[in-house]
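The structure displayed is predicted, hence computed values, not measured ones.
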Amino acid sequence: MKEERKSLGLYVHIPFCAQKCDYCDFYSLPGEEDRMDAYTQALEAQLLELAPRAGLHTVDSVYFGGGTPTLLGTKRLVRLLKDIQKKYCVAKDAEITLEANPESAGDFRELKALRSAGFNRLSLGMQSADDEELRAIGRIHTAGQVKTAVEAARKAKFSNLSLDLIYGLPGQSMDVWKKNLTAAVDLAPQHLSCYGLKVEEGTPLFTRRETAGLPGDEAQAEMYLWTVDYLRRHGFFQYEISNFARTGFESRHNLKYWTLGEYAGFGPGAHSDFGSVRYAYERDLEGYISGMKTGGPLLSENERIPPLDRDTEWVMMGLRTVRGLDPKVFENLFRRRFDCFLPFLEECRRAGYVLEEDGRWRLTPEGFLVSNQIIGGMLDALGADKKRREDARARGDFRVDLG
């Protein structure tokens with residue numbers, strides 16, 4: 001009998017950027033343009049190295065993220081995508097995403113060449129429609145360049161366009177956020193990612209967080225709840241805490257992360273969950289380039305996770321999505337009852353944080369605002385159930401294994 005092919009997502013990290021934004025905690029490097037050729041060669045070597053392991057997989061999503069991938073240049077991007085198309089079994093309808101910042105995506109001819117090569121989804125880092133806000137966080141594009149990039153993308157026949165926005169920016173009022181989101185919707189994207197600003201330690205924004213005029217938790221919560229309602233009324237369904245799409249345009253690649261699908265990452269800082277192993281590469285450009293030449297150590301994480309031990313991840317990721325948790329799936333995957341969660345879920349339901357619909361448990365918009373606390377409570381319930389089972393086995397009572 002022919003073995004059924006598994007699906008696989010590929011993530012290619014392009015760390016180059018024109019300028020580091022004040023809030024950015026991603027692995028991105030300004031001023032390293034002279035390393036682009038060497039880096040492209042290193043990526044090609046890694047793509048070639050992994051290909052045999054992916055021989056029984058069909059690649060149905062490819063995601064070029066960064067950094068600013070378009071800074072790598074059209075020729076190098078097309079070269080890397082062609083390598084993937086040659087070395088991997090890529091589905092005909094694969095979702096192939098390219099991240100870009102508006103100032104680097106306004107040339108229709110470049111976008112047309114990328115579209116012709118196979119990129120079919122463009123994700124633009126809009127962040128705000130207010131030039132003053134953009135300058136305040138270190139962005140180098142303008143609101144006008146966002147419109148130019150969107151027009152160029154449409155002219156290049158990109159029919160799947162995503163825009164990223166951030167709410168809770170320094171000095172941002174509710175009225176300004178409403179204008180930002182309205183401006184984004186007016187550009188007619190198929191997908192929107194709306195993230196609450198997180199001030200990460202080690203970033204320039206962190207050092208001036210006390211004087212930056214950051215909106216408080218209540219103000220951010222108001223922005224979030226308005227966003228969910230506004231986008232719903234304008235034809236975008238929410239499918240994850242921060243992600244909204246028109247029907248059929250949810251990010252297939254990102255769904256792999258939230259549903260424990262397999263994905264392989266390439267480049268420094270890239271993460272993978274492939275072949276029951278979770279691993280990540282060091283955030284070190286030169287180390288990655290030299291390592292791919294010499295075969296030296298590159299991994300910062302490497303952990304094999306048996307399928308039955310993925311219950312914690314399943315709960316954490318599932319609660320991020322609007323589909324939520326299906327008790328029957330949990331019981332089939334992990335061979336134990338879902339009942340251990342029910343007392344806590346009932347508490348959350350009474351508080352208006354969760355709903356049970358069609359047998360599934362999911363967070364409400366209000367629940368998403370306190371998702372970390374809810375996930376913590378669910379993991380506490382899971383931990384208590386595991387301890388109960390272990391104690392029962394220690395007493396010689398194996399009936400617990402039957403539920």
Side-chain angles (χ1 to χ4, degrees), residues 7-17 26-92 94-100 104 110-111 113-123 253 256 262-275 277 279-302:
S7 67
L8 177 67
L10 303 182
Y11 173 81
V12 183
H13 189 65
I14 309 298
F16 306 104
C17 63
F26 293 118
Y27 183 63
S28 57
L29 303 166
E32 296 287 345
E33 289 82 0
D34 62 333
R35 304 303 288 148
M36 288 182 177
D37 285 331
Y39 183 63
T40 301
Q41 291 170 9
L43 283 175
E44 289 182 306
Q46 192 191 356
L47 285 164
L48 178 63
E49 181 182 275
L50 186 80
R53 290 178 50 202
L56 296 177
H57 290 72
T58 296
V59 172
D60 57 2
S61 71
V62 182
Y63 197 105
F64 282 68
T68 306
T70 39
L71 277 186
L72 193 65
T74 298
K75 289 183 179 179
R76 297 188 189 94
L77 290 169
V78 169
R79 183 169 131 196
L80 289 169
L81 183 56
K82 286 189 180 301
D83 281 343
I84 291 170
Q85 292 165 335
K86 289 176 183 177
K87 296 166 185 173
Y88 294 80
C89 178
V90 180
K92 290 183 179 179
E95 174 192 89
I96 303 179
T97 302
L98 179 67
E99 282 188 346
S104 66
E110 299 292 334
L111 291 180
L114 291 163
R115 181 69 185 89
S116 297
F119 290 96
N120 54 31
R121 184 174 184 269
L122 189 66
S123 179
H253 184 82
K256 291 184 182 298
E262 287 192 287
Y263 56 93
F266 302 84
H271 288 251
S272 302
D273 190 346
F274 181 46
V277 179
Y279 57 96
Y281 290 92
E282 294 280 0
R283 291 162 61 113
D284 179 354
L285 176 66
E286 292 304 323
Y288 176 80
I289 292 173
S290 63
M292 290 313 303
K293 288 180 179 177
T294 63
L298 295 168
L299 297 179
S300 61
E301 300 174 28
N302 187 23

Next item on the list: Give a yes or no on whether the ring-centroid distance for H13 and Y281 is below 6.0 angstrom.
Entry: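 No: the rings miss the under 6.0 Å criterion.
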Next item on the list: Check T97 against S123 and note the closest heavy-atom contact, atom names and distance.
Entry: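 Looking at all heavy atoms of both residues, the shortest contact is CG2-CB, 4.2 Å.
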Notebook entry, point to check: If you look at every heavy atom in F274 and R53, which pair is closest and at what distance?
Noted result: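 Nearest pair, atom of F274 first, then R53: CD2-NH2, 3.3 Å.
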How far does [atom1] of [X] sit from [atom2] of [Y], to the nearest 0.5 angstrom?
{"X": "K86", "Y": "L81", "atom1": "NZ", "atom2": "CG", "value": "11.0 Å"}
{"X": "L114", "Y": "K75", "atom1": "CG", "atom2": "NZ", "value": "12.5 Å"}
{"X": "L285", "Y": "R283", "atom1": "CG", "atom2": "CZ", "value": "12.5 Å"}
{"X": "E282", "Y": "L299", "atom1": "CD", "atom2": "CG", "value": "8.0 Å"}
{"X": "T294", "Y": "L298", "atom1": "OG1", "atom2": "CG", "value": "7.5 Å"}
{"X": "S272", "Y": "F266", "atom1": "OG", "atom2": "CZ", "value": "7.0 Å"}

Would you check if the side chain of [X] reaches a backbone N or O of [Y] as a donor-acceptor pair within less than 3.5 Å?
{"X": "E99", "Y": "G66", "answer": "yes"}
{"X": "Q85", "Y": "V90", "answer": "no"}
{"X": "Q46", "Y": "G267", "answer": "yes"}
{"X": "T58", "Y": "C89", "answer": "no"}
{"X": "N120", "Y": "A94", "answer": "yes"}

Item checked: Contact check, side chains of R115 and L122, non-hydrogen atoms, under 4.5 Å ->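 R115 does not reach L122 side chain to side chain.
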Check: Is there side-chain contact between Y88 and V62, with heavy atoms separated by less than 4.5 Å?
Finding: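 No, their side chains stay 4.5 Å or more apart.
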Notebook entry, point to check: Is there a side chain to side chain contact (heavy atoms under 4.5 Å, CB included) between S7 and K256 once you walk through the steps?
Noted result: CA-CA 10 Å; S7 67; K256 291 184 182 298; 3.5 Å; yes
Notebook entry, point to check: Run the side chain to side chain contact (heavy atoms under 4.5 Å, CB included) check on E286 and D284 step by step: do they pass?
Noted result: CA-CA 6 Å; E286 292 304 323; D284 179 354; 4.0 Å; yes
Checklist line | Test side chain to side chain contact (heavy atoms under 4.5 Å, CB included) applied to Y39 and I289, step by step | finding: CA-CA 6 Å; Y39 183 63; I289 292 173; 4.3 Å; yes
Note to self: Please determine whether the number of non-hydrogen atoms from other residues, nucleotides or ligands lying under 6.0 Å from atom OH of Y27 exceeds 12.
What the structure shows: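 Count over threshold, so yes.
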Check: Testing L47, L43, I96 for side chain to side chain contact (heavy atoms under 4.5 Å, CB included) with I84, which one passes?
Finding: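 With I84 as partner, L47, L43, I96 yield a single side chain to side chain contact (heavy atoms under 4.5 Å, CB included), made by L47.
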Note to self: As a quick check of understanding, evaluate side chain to side chain contact (heavy atoms under 4.5 Å, CB included) for I14 and T68, giving each step before the final call.
What the structure shows: CA-CA 7 Å; I14 309 298; T68 306; over 6 Å; no
Note to self: Holding to ring-ring contact (aromatic ring centres under 6.0 Å, His included), I want the full list of residues that pass it with Y263, two or more places apart in sequence or in another chain.
What the structure shows: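 For Y263 the ring-ring contact (aromatic ring centres under 6.0 Å, His included) partners, ignoring immediate neighbours, are Y257.
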Next item on the list: Mind checking ring-ring contact (aromatic ring centres under 6.0 Å, His included) for F119 and listing every partner two or more places apart, or none if nothing turns up?
Entry: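 Here the qualifying residues are F64.
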Check: Side-chain donor-acceptor pair under 3.5 Å between Y63 and E95, yes or no?
Finding: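 There is no such pair (donor and acceptor under 3.5 Å, judged by atom type) between the side chains of Y63 and E95.
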Check: Going through the checks in order, is the salt bridge (charged side-chain N to carboxylate O under 4.0 Å, His left out) test met by D37 and R79?
Finding: CA-CA 11 Å; D37 285 331; R79 183 169 131 196; 5.2 Å; no
